[in-house]
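Small disclaimer: the values here were computed from a predicted structure and weren't measured.
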Amino acid sequence: MARLAQTAGLTDVQQEILSTVRDFVDKEIIPVATELEHRDEYPQQIVDGLKELGLFGLMIPEEYGGLGESLLTYALCVEEIARGWMSVSGIINTHFIVAYMLKQHGTREQKDHFLPRMAAGDVRGAFSMSEPGLGSDVSAITSKAVKDGDEYVLNGQKMWLTNGGTSSLVAVLVRSDEGHPEGTAPHRSMTTFLVEKEPGFGEVRPGLTIPGKIDKMGYKGVDTTELIMDGLRVPADRVLGGVTGRGFYQMMDGVEVGRVNVAARGCGVAQRAFELGVQYAQQRHTFGKPIAQHQAIQFKLAEMATKVEAAHAMMVNAARKKDSGERNDLEAGMAKYLASEYCKEVVEDAFRIHGGYGFSKEYEIERLYREAPMLLIGEGTAEIQKMIIGRRLLEEYRFQG
């Protein structure tokens with residue numbers, strides 16, 4: 001991909017990091033991704049390779065053993081990894097949302113305790129907001145924490161944890177009424193707890209159970225699980241930031257990073273779909289010539305490439321906005337919405353170019369076709385993004401009549 005999805009203004013260090021990641025993807029991920037995905041097998045060897053590259057500490061400050069890189073660098077790395085296999089980018093994403101939340105909102109003790117081990121990849125992060133009866137409606141959370149001396153007792157059921165089994169640290173958002181009288185707005189009575197656990201399934205610590213993996217249409221390999229808390233005791237010093245009632249804002253800050261990540265994943269998957277489509281179109285012959293020479297296919301390739309380029313540009317803009325310290329919920333929402341929708345369309349067009357062979361599990365596009373839909377719902381559906389975008393536009397363009 002010499003021409004598409006290029007990013008202007010990168011430093012030599014950023015370019016070197018991206019070149020290293022791209023080589024790793026081409027040599028270590030793409031050749032094995034489809035086979036591992038069909039077996040729904042956790043990519044341990046790939047994860048170990050990412051650990052050796054230092055990618056688990058990419059955005060963690062140097063004082064904690066990380067590389068101290070920007071969100072833009074991280075997003076561009078995610079784009080490359082998703083181009084190889086989207087599931088691997090999910091393993092990185094949830095880890096970094098937790099690391100980012102700790103960096104931005106954690107106490108000094110919490111940062112000193114967790115971030116060096118997270119940077120080394122020895123502690124892997126996951127985060128949890130959703131529940132069986134809610135997804136985007138975070139205010140409807142029913143899981144609850146009750147103060148008991150120097151501890152909190154957590155009860156409730158959470159859903160859709162990426163890295164639920166393989167993680168050793170989970171940031172869990174629950175309702176905590178202590179210090180927040182009845183009638184307090186729901187988002188002001190939520191707290192994020194840093195829950196340490198053993199990797200694996202079953203009862204991973206007293207009061208905390210991780211059932212087996214949820215069987216999914218796509219996005220395989222990475223473990224997606226439930227989390228059940230039944231009398232789970234968590235020390236008070238594991239409240240993120242040390243103060244209750246701030247969990248909603250902490251999580252939403254993390255989700256903005258997550259939306260840039262999902263946009264980057266959409267860009268990466270779309271790039272790979274375009275690569276597969278343009279390659280196949282030059283190999284497959286009909287009516288005496290490669291199908292790439294038929295105008296109908298050229299039009300399709302032109303549309304696909306334009307969508308790849310547009311999605312990449314919006315993703316880069318959203319990442320740079322966040323890096324500048326400015327509010328970026330508008331840009332992140334737009335990037336996530338556009339990149340996920342364009343990804344679905346580019347993958348479908350590549351699938352169509354492959355014809356009947358696209359329906360065969362022997363071809364990589366079949367895997368991408370099952371993976372793309374997850375991006376339409378991850379970190380908020382398209383409808384939620386439109387609500388965020390619409391509200392922010394009305395704030396910016398308020399009519400003064």
Side-chain angles (χ1 to χ4, degrees), residues 1-34 36 43-62 65-93 95-96 99-100 118-121 221 257 260-279 304-305 307-323 335 339 343 346 364 368 371:
M1 296 303 297
R3 295 292 301 275
L4 288 183
Q6 298 298 296
T7 308
L10 297 181
T11 66
D12 291 342
V13 171
Q14 287 175 313
Q15 291 175 355
E16 183 177 349
I17 290 172
L18 288 174
S19 177
T20 301
V21 172
R22 189 177 300 116
D23 287 345
F24 181 84
V25 168
D26 287 338
K27 295 175 182 177
E28 306 295 335
I29 298 182
I30 289 178
V32 300
T34 296
L36 292 176
Q44 187 61 57
Q45 187 171 341
I46 293 172
V47 171
D48 290 343
L50 294 176
K51 181 178 175 180
E52 288 183 19
L53 292 177
L55 285 189
F56 283 98
L58 189 62
M59 277 183 66
I60 295 174
E62 293 181 7
L67 298 179
E69 274 295 330
S70 63
L71 177 59
L72 175 61
T73 307
Y74 163 62
L76 294 175
C77 288
V78 166
E79 183 180 39
E80 291 292 343
I81 293 169
R83 176 180 154 267
W85 185 12
M86 193 181 75
S87 293
V88 179
S89 67
I91 294 170
I92 294 288
N93 178 44
H95 176 83
F96 267 107
Y100 174 82
M118 294 185 79
V257 172
V260 173
N261 171 280
V262 172
R265 283 196 257 179
C267 292
V269 173
Q271 284 182 48
R272 185 59 181 163
F274 175 80
E275 291 174 9
L276 295 172
V278 75
Q279 289 170 9
M304 293 163 67
K307 289 173 181 177
V308 167
E309 192 75 5
H312 176 84
M314 291 200 72
M315 178 272 290
V316 168
N317 180 56
R320 282 180 162 150
K321 190 85 168 182
K322 187 76 171 177
D323 282 333
C343 174
V346 171
E364 189 178 341
L368 271 58
E371 289 178 339

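Judged by distance alone, with hydrogens and angles left aside, the side-chain atoms of Asp323 form a donor-acceptor pair with the main-chain N or O of Leu72 at under 3.5 Å. Put simply, the side chain of Gln14 gets close to the backbone of Thr11: a donor and an acceptor are under 3.5 Å apart. Between the Thr73 side chain and the Glu69 main chain, no donor and acceptor come within less than 3.5 Å of each other. With Glu309 contributing its side chain and Ala5 its backbone, the two residues share a donor-acceptor pair below 3.5 Å.
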Are Trp85 and Val25 close enough, and set up right, to give a side-chain contact (heavy atoms from CB on, under 4.5 Å), and what steps lead you there? CA-CA 9 Å; Trp85 185 12; Val25 168; over 6 Å; no
Check against side-chain contact (heavy atoms from CB on, under 4.5 Å), Glu80 and Cys77: CA-CA 5 Å; Glu80 291 292 343; Cys77 288; 5.7 Å; no
Checking side-chain contact (heavy atoms from CB on, under 4.5 Å) for the pair Lys51/Leu55: CA distance, chi angles, key distance, verdict? CA-CA 6 Å; Lys51 181 178 175 180; Leu55 285 189; over 6 Å; no
Determine whether Val346 and Val269 satisfy the following criterion, side-chain contact (heavy atoms from CB on, under 4.5 Å), listing intermediate values before the conclusion. CA-CA 9 Å; Val346 171; Val269 173; over 6 Å; no
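Here Glu364 contributes atom CD and Gln279 contributes atom CD; the two are 9.0 Å apart, rounded to the nearest 0.5 Å. Atom CG in Leu4 sits 14.0 Å away from atom NZ in Lys307 (nearest 0.5 Å). To the nearest 0.5 Å, the span separating CD1 on Ile17 from CG on Leu10 amounts to 10.0 Å. Going from atom CE of Met59 over to atom CE of Met118 covers 11.5 Å, rounded to the nearest 0.5 Å. The distance from the CD1 atom of Ile81 to the CZ atom of Arg22 is 12.0 Å, given to the nearest 0.5 Å.
A 6.0 Å sphere centred on CD of Glu16 holds no more than 12 heavy atoms belonging to other residues, nucleotides or ligands.
Between Leu67 and Glu62 there is no side-chain heavy-atom pair separated by less than 4.5 Å. At a threshold of 4.5 Å between non-hydrogen side-chain atoms, the residues Val88 and Glu28 do not count as touching. Put simply, the side chain of Arg265 reaches to within 4.5 Å of the side chain of Asn93, judged on heavy atoms. Residues Phe24 and Leu50 form a side-chain contact, since some pair of their non-hydrogen atoms from C-beta on lies under 4.5 Å apart. With a 4.5 Å cut-off on side-chain heavy atoms, Tyr100 and Ile60 do not count as touching. The side-chain heavy atoms of His95 and Phe56, taken from C-beta on, include a pair separated by under 4.5 Å. Two residues are said to be in side-chain contact when any heavy atoms from C-beta on lie closer than 4.5 Å; Leu76 and Val316 meet this criterion.
For the residue pair Pro43 and Leu36, the shortest heavy atom distance occurs at CB-CD1, 4.2 Å. The shortest heavy-atom contact between Asn261 and Ser89 is ND2-O, 4.3 Å. Residue Val260 comes nearest to Met315 through the heavy atom pair O-CG, 4.0 Å, listed as atom of the first residue, atom of the second, then distance. Between Ala311 and Ala339 the shortest heavy-atom distance is CB-CA, 3.9 Å. Scanning both residues, Ser87 and Glu371, for their nearest heavy atoms gives OG-OE2, 4.4 Å. Taking each heavy atom of Leu58 and Phe96 in turn, the nearest pair found is N-CZ, 3.2 Å.
Asp26 meets the salt bridge (Lys or Arg N to Asp or Glu O under 4.0 Å) test with Arg83; sequence neighbours excluded. Residues meeting the salt bridge (Lys or Arg N to Asp or Glu O under 4.0 Å) test with Lys321, sequence neighbours left out: Glu326, Glu331.
Of the residues listed (Gln6, Gln271, Glu79), the one engaging His312 in a side-chain hydrogen bond (donor to acceptor under 3.5 Å, both in side chains) is Glu79, and it is the only one.
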